[in-house]
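Scroll down for the structure; my scribbles are underneath it.
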Amino acid sequence: MKPSPEKTALRISLLVSVVSLGLKLSGFWLTSSTTAMSDAAESIIHLLAVSFVYYGLLLSTKPADDKHLYGHERVEFLSVGIEGAVIILAGITIIYQAVNDYLYGHNLRELINGAYLIGSAGLINLALGSYLVTVGRREGNMIVVSNGKHTLTDVWTSAGSVATLLIIQFTDFVLLDSIVAGLLAFFIMYEGFKLLSYSVDGLMDSRDPEIDRLIRQELSKDLPGGMIEVHNLRHRTTGSTTWIELHAVFEKQLDLETAHNDATSLEKRLIDAVTGDVIVTIHLEPEGHHEEVHDLLKDADQERPLEDFI
């Protein structure tokens, strides 16, 4: 079976990340620069994150089984969250080292050669990150997109490192090494917080504004057949699958087969309206007062109020 574009993209990311890390480590060993070290440290974290993300993608594409009845796509949010967390951890480590070098000083050397090596790694990551973001957006896979954005973040740290080494080479302003290292650390931590925020939103089933707009836009159109109205709309998106639940009210004397066909018609419209895989669950209700329709549930043994469900 031919591997999916997402798997191919992450395999390429793993391979290229190893090459990029090798160049950056060489630049650090040549120069002893904290800025170069911060760039290399970020790449080490990135390589570890890509490895975990790749595992997460493999797991997320597994079909539902007896233990995981809704599939495995939610692991996407966990993967993205861990990547964001390790980015933040890398930023904290870099700030510590920058402060340490500022207080106790350090010797720099071979700055031009180090700039060549780090600059080469930056160009490689620019091409890789652009490729990953393009593939991730085309395939609707946030795991690949987040990995691509992290890679592009690496480009900025490399550019800052190269500029810093060149400025120090020609001005002998050694303190700049610690200053830039600290600024780069705050920048990559900001990127990490954004990924962490996406992860928390996904794990908490936060509403996707664009998908919500598409669903409500479809429901605002004429409803099929004997369907009078819909209410209690809920939806969540995990990976490439959107789950939609709603209640549909039908004319009181409508037979079950006709009501089911009308519900199925609305289900198809919702599936066509939303990008990706869509699973729709529609609860059928007869015309009448809402509480009376659900009168049989009033003594249901549960802690939450019944209104949360009906």
Side-chain angles (χ1 to χ4, degrees), residues 5-51 53-54 83-84 86-87 90-91 93-94 97-98 108-139 141 143-171 173 176-177 179-192 194-195:
E6 300 99 310
K7 290 180 182 178
T8 300
L10 288 181
R11 287 173 182 171
I12 292 174
S13 179
L14 274 171
L15 178 62
V16 174
S17 294
V18 172
V19 175
S20 175
L21 175 60
L23 290 170
K24 291 185 179 185
L25 286 175
S26 298
F28 167 59
W29 285 328
L30 274 177
T31 63
S32 295
S33 163
T34 305
T35 300
M37 184 275 292
S38 67
D39 199 19
E42 205 276 340
S43 286
I44 293 173
I45 296 297
H46 178 66
L47 181 59
L48 294 174
V50 173
S51 301
V53 163
Y54 181 63
E83 182 163 8
V86 295
I87 292 174
T93 302
I94 293 166
Q97 188 61 45
L108 300 178
R109 59 183 186 275
E110 297 285 342
L111 299 183
I112 295 298
N113 290 332
Y116 281 134
L117 290 169
I118 295 171
S120 299
L123 292 175
I124 290 172
N125 283 330
L126 177 62
L128 175 63
S130 301
Y131 164 71
L132 290 171
V133 171
T134 299
V135 171
R137 287 176 175 167
R138 187 183 69 222
E139 301 299 325
N141 190 294
I143 290 181
V144 180
V145 172
S146 68
N147 186 243
K149 288 184 176 180
H150 188 182
T151 304
L152 291 175
T153 300
D154 218 1
V155 176
W156 286 102
T157 61
S158 296
S161 297
V162 170
T164 300
L165 295 181
L166 292 177
I167 291 172
I168 294 173
Q169 173 68 29
F170 295 108
T171 66
F173 182 34
L176 185 64
D177 188 46
I179 295 174
V180 173
L183 292 175
L184 290 177
F186 281 113
F187 175 74
I188 66 174
M189 287 172 68
Y190 171 70
E191 292 296 318
K194 288 198 296 184
L195 293 178

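Worth saying up front: this structure is predicted, and the values here are computed from it rather than measured.
Across all non-hydrogen atoms, the minimal contact from I168 to F173 is CG1-O, 3.4 Å. Smallest separation of non-hydrogen atoms from M189 and G91: CG-CA, 3.6 Å. Nearest heavy atom pair, residue A36 against residue F28, reads CB-CA, 4.0 Å.
Under the rule for a side-chain contact (heavy atoms from CB on, under 4.5 Å), the partners of A185 that lie at least two apart in sequence or sit in another chain are I94, I95. Contacts of K7 classified as salt bridge (Lys or Arg N to Asp or Glu O under 4.0 Å), with partners at least two apart in sequence or in another chain: none.
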Original post:
Do T164 and S33 pass the side-chain contact (heavy atoms from CB on, under 4.5 Å) test, and can you show the C-alpha distance, the side-chain angles, and the key distance before you say yes or no?
Top reply: CA-CA 10 Å; T164 300; S33 163; 5.8 Å; no

**OP:** Walk me through it: do S32 and R109 pass the test side-chain hydrogen bond (donor to acceptor under 3.5 Å, both in side chains)?
**Re:** CA-CA 7 Å; S32 295; R109 59 183 186 275; 2.7 Å; yes

Subject >> CA sep, side-chain torsions, deciding dist, call: Q169, I112, side-chain contact (heavy atoms from CB on, under 4.5 Å) >> reply: CA-CA 7 Å; Q169 173 68 29; I112 295 298; 3.8 Å; yes

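Between the S13 side chain and the A9 main chain, no donor and acceptor come within less than 3.5 Å of each other.
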If you look only at distance, which donor and acceptor atoms sit under 3.5 Å apart when one is on a side chain in residues 114-135 and the other is two or more places apart or in another chain?
| unit_1 | atom_1 | unit_2 | atom_2 | d |
| --- | --- | --- | --- | --- |
| S120 | OG | Y116 | O | 2.9 |
| N125 | ND2 | S20 | OG | 2.9 |
| N125 | ND2 | A121 | O | 3.4 |
| N125 | ND2 | D154 | OD2 | 3.3 |
| S130 | OG | L126 | O | 2.9 |
| T134 | OG1 | S130 | O | 2.8 |

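For residues 26-37, no pair satisfies salt bridge (Lys or Arg N to Asp or Glu O under 4.0 Å), with sequence neighbours left out. Residue pairs meeting the salt bridge (Lys or Arg N to Asp or Glu O under 4.0 Å) criterion with at least one partner in residues 123-135, sequence neighbours excluded, are absent. Applying the salt bridge (Lys or Arg N to Asp or Glu O under 4.0 Å) test to pairs two or more places apart or on separate chains, those with a residue in residues 32-41 are K24-D39.
Atom CG of residue L47 and atom CG of residue L14 lie 6.5 Å apart, to the nearest 0.5 angstrom. In this structure, the separation between OG on S17 and CG on L10 is 9.5 Å, given to the nearest 0.5 Å.
Of the residues V180, T31, D177, T35, the one that meets the side-chain contact (heavy atoms from CB on, under 4.5 Å) test with S161 is T35.
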